Structure formats: C-alpha cells, structure tokens
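Whatever order the structure lists ligands and atoms in, that order sets their numbers, starting from 1. As the structure is a computational prediction, the values presented were derived from the model and not from experiment.
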Amino acid sequence: MRLNDTHDPRRSSWVDSANDPDSDFRIQNLPYGVFSVGAERHVGVAIGDQILDLTVLEDAGLLTPGGADRAFDQGTLNPFMALPQATWSQTRATIATLLDVATPDLRDNADLRRRALVRQSGAQLHLPIHIRSFTDFYASKDHATNVGSMFRDPDKALLPNWLHMPVGYNGRASTVVVSGTDIHRPLGQLKAPEDAMPRLAPSAKLDMELELGAIVGTPNQMGQPVTTAQAFDMIFGYVLLNDWSARDIQVWEYQPLGPFQSKAFGTTISPWIVTREALEPFRTLPPKRVNPLLPYLAEDAPNAYDIHLTADLAPPGQPATTITRTNARHLYYTPAQQLAHHALSGCAMCTGDLLGSGTISGPSRDNSGSLLELTWNGRDPLTVAGGTRTFVQDGDTLNLQGHCDGPYHLGFGACTGTLLPAPIIEDWA
Ligand code: CA
C-alpha cells in the first residue's frame, strides 16, 4: 500500500468536530466538494461539521496546486482533477498540514479562519464536478445472478459474456443530480407479457440502485487503451450513487440495445468525492474469479474496496428504516477493471467521467442493492415505518450511506433523494 502521513490515524485537527472518532470527515478523509453560501460556488473540503474553503485559501496564496493558474476558481473540481496525479497528492498533504492541530498558519489567523471555514449546515452543496459522460456497469455477480434468475432462467442466470467482461452501457450525464434533489416518477411505455398492446402510464415499479460511482481524473488518449494499474491511478475518487430505475419500463424497452428511458430520468450522487488516496488503507481483493480473465483485465494489486454500504427508506412523515446492508467488496469487477475495459477499444475517457459500478448486491437477500431483489420483484413486501413497500412510493425518501472502518473511520456523507409524483400531461389522458 502507498500510505503516507495523511493516513496516520493518530493525526488530529484544530477543527474539534473532526476529532470525533465517528465523524465521516476526520482529518484522514478530506473529501472534495462544491458549495455556496451566497451566489458564488466555491471548492471545499469537508472537515468535521465544517467546510474548508479552498477557493479562499487559493486567493490567500496558501494553496497553489495549479501554480500561476487557478485550480479552485471555477466552482467545479474539473480543473483540479485535470492536474497531474502527483499534484492531487501534494494538495492533500498540504490541506492535512493546514488542518493539523500543530500547524498555526490557519489555526492562529482569526481573520483568514473566519473567511475559510464554513459550517456545513449553512452551506448549499452542488454537483462537485461537471460530468462529461456517465457510464453504468453491471459489475456485481450476485445482482446479475438475481436479475437473470428472475427474468430468464435460474440455471442460466448469467449471460455467456458476463464472467469474461464488465458489461456496461452509456447512460445520461444530463440527469445526474446532487444529493437532496427531488426526482420525478417517470412516464413511460408499459406492457406486461399478457397485454396485447403497450400503454402510457407512470412507472409502477420505481426502484433504487445502490452503486459506487468512480470519477475519472486523468484522461487517456483516444485510440490508446490503458492497463488496470494505469486505470486505477486515473480515478480521482468515489461517490455513492443511486441510479433510480423504472423496472416496468425497463422490461419492455431493454431488448436489443439495453436500458434507455428506464434509467434516463435521474441518478443521484453524494456531494463529497472521497479521494482514491483516502481509501488506500481500505483496499481489498475482489471475489475469487470463476473463469480466468483475459490478460488486459489482470490485476496485480488489491483494487477492490471494503466499504460498508446501507440504504434507508423513509415514507413521508415517517422515520427511516434501513432496508439493506451490503459492501463494495462484493463487486466482481473492480473500478479499475471497468475503466480499463471501457478504454480498451480506444474510447477516450475524460476528466469528469462518472462510472457507476452497477447495483451492489451480496450473497444473501438482505445484502441486495435494489428493491427488485429485496422484494423479489414485489412478491415479498418489506416492512418499513408506517407500512410495507414493494417499490418506491411517491413522497418516499431514499438515503444511501457508506463508510470504512480500519485504521480510521471514513464516511461518504449522505446520498438522498425524494420521489415526486409523475407529471400530469392533460392532453394525453
Ligand atoms: Ca445502474
């Protein structure tokens, strides 16, 4: 592992709330986000219950990752992510030093501290990056097996390609939204097998998908594949991702070209990008390979992550119920394998590309990352506060959470969204 001073679990901060052992944002985490308290969007790092304003620190000359060029003045992390990987590391080390309990520069400068430290509860969080493209993979073997068993044949649940490549499709970047954004239930064409004709209706099988999102920092050149080791390093960081899905629209539309409208109406990501470097102590091996993989997918390092993941569902006016507990280590294909496969054809991967892992499910039903699996396509309703659920109902709020425990505790923060009713189109009624 490539550990350094920023991973030292003994390190503490002069920001007191960051020293709470259960804080998501201890000094070892330092995730990046974009926030505003007025009209202007600034880049910041979460520390305890505060945000360290990097736009202000860059103005003050305390942080100059781009040299003479500003990296934190665009209200998005893309300019910073486009800088060399060594600069990401140096910047993380500088921020850790500035926040360290023993460093006086900011600690003892009351004026600068007042301008550079913002309470999270008083700030609005925005999408942290300009998302160039969104690709959605299907990298959990348990999820693919469950879906294949439900809709095809339990004895041939995995299609022949699945054990040889990370299967994926190109999704919509335009409807990726930050945590806290409401999502409208989509309208679509629905047709059950027994129906003679399709009909237009709001989706009645609205689902969540609990995923890990990888954010590409370093691009490859169009026409040039990358190794899994290069791909691992190209990833700037990770977010939680809820890929809202309309199962009844999906089942009618998906052949032969894959999901389309069933996945195009909304994808929620958490606002804080937990860097690859912060996750270094939590690397682990992916599950045992069923078949040997082609050499371009081989890995000589533990490129999976041990991240505990949960999803909560809160009906309107009711407390949240945890409906699943799973772990990112269940992903059969690692994010580096997903990215290496994506670039294999020479596809240009860009700074700001978002790769969804696909629904993360584990070996048992209560480790499943979707309601489709948790309720087995609505057959077995779940008990939640105030009632039961098969799929998401209007007014329900979903919240994904993720954390790592090891040398230190690290959290991803919240990834929430509330489902609003479908739009009413009078002329179509
Ligand atoms: Ca998905």
Side-chain angles (χ1 to χ4, degrees), residues 131 133-148 150-151 157-159 161-162 165-179 181 183 185-186 188 203 205-216 238-255 257-270 307 309-311 323-324 326-328 330-335 337-339 341-342 353-362 367-375 377 391-392 398-400 402 412 415-417 419:
I131 298 168
S133 295
F134 168 45
T135 306
D136 194 22
F137 283 91
Y138 192 53
S140 155
K141 181 161 162 280
D142 292 301
H143 174 67
T145 303
N146 288 337
V147 173
M150 245 179 275
F151 294 113
L158 293 178
L159 289 169
N161 58 4
W162 201 93
M165 67 167 84
V167 170
Y169 69 96
N170 289 302
R172 289 295 304 175
S174 60
T175 32
V176 179
V177 294
V178 74
S179 175
T181 307
I183 301 289
R185 181 183 295 275
S203 168
K205 288 189 172 179
L206 205 288
D207 202 352
M208 62 162 192
E209 289 191 333
L210 197 181
E211 304 192 19
L212 188 66
I215 293 170
V216 177
Y238 294 88
V239 291
L240 304 177
L241 187 152
N242 181 2
D243 192 26
W244 301 84
S245 297
R247 301 299 179 196
D248 41 4
I249 298 174
Q250 186 176 355
V251 79
W252 168 229
E253 75 173 1
Y254 86 104
Q255 287 175 321
L257 287 184
F260 189 46
Q261 295 301 294
S262 57
K263 307 273 192 165
F265 60 94
T267 300
T268 305
I269 64 168
S270 51
I307 305 171
L309 300 164
T310 59
I323 55 173
T324 188
T326 186
N327 193 303
H330 297 312
L331 287 169
Y332 189 82
Y333 293 106
T334 68
Q337 287 175 322
Q338 294 164 34
L339 180 50
H341 181 65
H342 210 325
D353 277 350
L354 173 66
L355 310 185
S357 62
T359 307
I360 302 173
S361 295
N367 302 142
S368 299
S370 69
L371 285 162
L372 177 74
E373 296 160 271
L374 289 164
T375 70
N377 198 15
F391 290 94
V392 187
L398 266 298
N399 184 26
L400 311 184
F412 280 72
C415 179
T416 73
L419 185 70

Report summary line: Residues at least two apart in sequence or cross-chain that pass side-chain hydrogen bond (donor to acceptor under 3.5 Å, both in side chains) with Ser368, listed by chain then number, are none
**Report entry** Angular separation of Glu211 OE2 and Asp243 OD2 about the Ca ion (ligand 1), given to 10°
**Finding:** 100°
Query raised in the report: If you check every N/O/S atom of Glu209, which is the one nearest the Ca ion (ligand 1)?
Result: OE1
Query raised in the report: For Asp136, what is the atom name of its N, O or S atom nearest to the Ca ion (ligand 1)?
Result: OD2
Requested in this report: Would you kindly say whether Ser203 and Asp248 are connected by a side-chain donor-acceptor distance under 3.5 Å?
Outcome: yes
Query raised in the report: Just wondering, do Leu371 and Ile323 contact through their side chains at under 4.5 Å, heavy atoms?
Result: yes
Report task. Evaluate the side-chain hydrogen bond (donor to acceptor under 3.5 Å, both in side chains) criterion for residues Ser245 and Gln250: first the C-alpha distance (whole Å), next the side-chain angles of each, then the deciding distance (0.1 Å), finally the verdict. Result -> CA-CA 8 Å; Ser245 297; Gln250 186 176 355; 5.0 Å; no
